[in-house]
Amino acid sequence: MANDSHARLIAYLCQAGLSTARANAVLDEYAHSLAEKIRDEVSDDISNHPGEALTECEGCALVRAANLIDPKKEA
């Protein structure tokens with residue numbers, strides 16, 4: 001299902017004038033940006049809102065979801 005959505009979005013971007021390579025790069029960058037934003041929000045919530053922060057389980061679930069969007073590469 002996700003591959004169908006991905007393919008449809010790439011096709012749409014190509015119809016709008018982007019090359020396939022550029023359309024893939026734009027989509028990859030958007031996914032990366034979204035995943036990093038989720039990771040940053042979780043980190044900020046845990047760091048700056050003690051006692052009101054997400055539970056560890058909620059934070060882990062959100063980070064796992066971000067990793068599905070864009071796997072975090074370990075350095």
Side-chain angles (χ1 to χ4, degrees):
M1 184 75 60
N3 288 338
D4 292 339
S5 298
H6 183 271
R8 284 194 309 270
L9 186 52
I10 295 299
Y12 176 80
L13 291 172
C14 290
Q15 286 177 335
L18 274 66
S19 69
T20 301
R22 183 68 185 134
N24 276 301
V26 166
L27 191 54
D28 286 348
E29 180 57 34
Y30 179 75
H32 175 74
S33 175
L34 178 60
E36 285 300 310
K37 189 177 288 189
I38 292 168
R39 291 180 189 113
D40 290 345
E41 286 290 323
V42 169
S43 178
D44 178 62
D45 189 67
I46 291 169
S47 298
N48 296 323
H49 304 286
E52 299 173 20
L54 296 166
T55 66
E56 185 176 341
C57 185
E58 291 168 332
C60 289
L62 287 169
V63 170
R64 282 195 308 270
N67 289 342
L68 287 173
I69 295 168
D70 180 53
K72 182 122 177 129
K73 294 180 177 57
E74 299 299 324

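No experiment lies behind these values; they were computed from the predicted model shown.
Taken together through direct or relayed side-chain contacts under 4.5 Å among Ile, Leu, Val, Met, Phe, Trp and Tyr, Leu34 and Val42 form part of one hydrophobic cluster.
With values rounded to the nearest 0.5 angstrom, Asn24 atom CG is found 4.0 Å from Ile10 atom CD1. Rounding to the nearest 0.5 Å gives a distance of 12.5 Å between CG of Leu62 and OG of Ser43. Atom-to-atom distance recorded for Ile38:CD1 and Ile69:CD1 is 4.0 Å, nearest 0.5 angstrom.
Nearest approach of Ala35 to Asp70, heavy atoms of both residues: CB-CB, 3.6 Å. Across all non-hydrogen atoms, the minimal contact from Leu13 to Ala23 is CB-CB, 3.7 Å.
Within the structure, the salt bridge (charged side-chain N to carboxylate O under 4.0 Å, His left out) test picks out the following pairs touching residues 19-38 (sequence neighbours left out): Glu36-Arg39, Glu36-Lys72.
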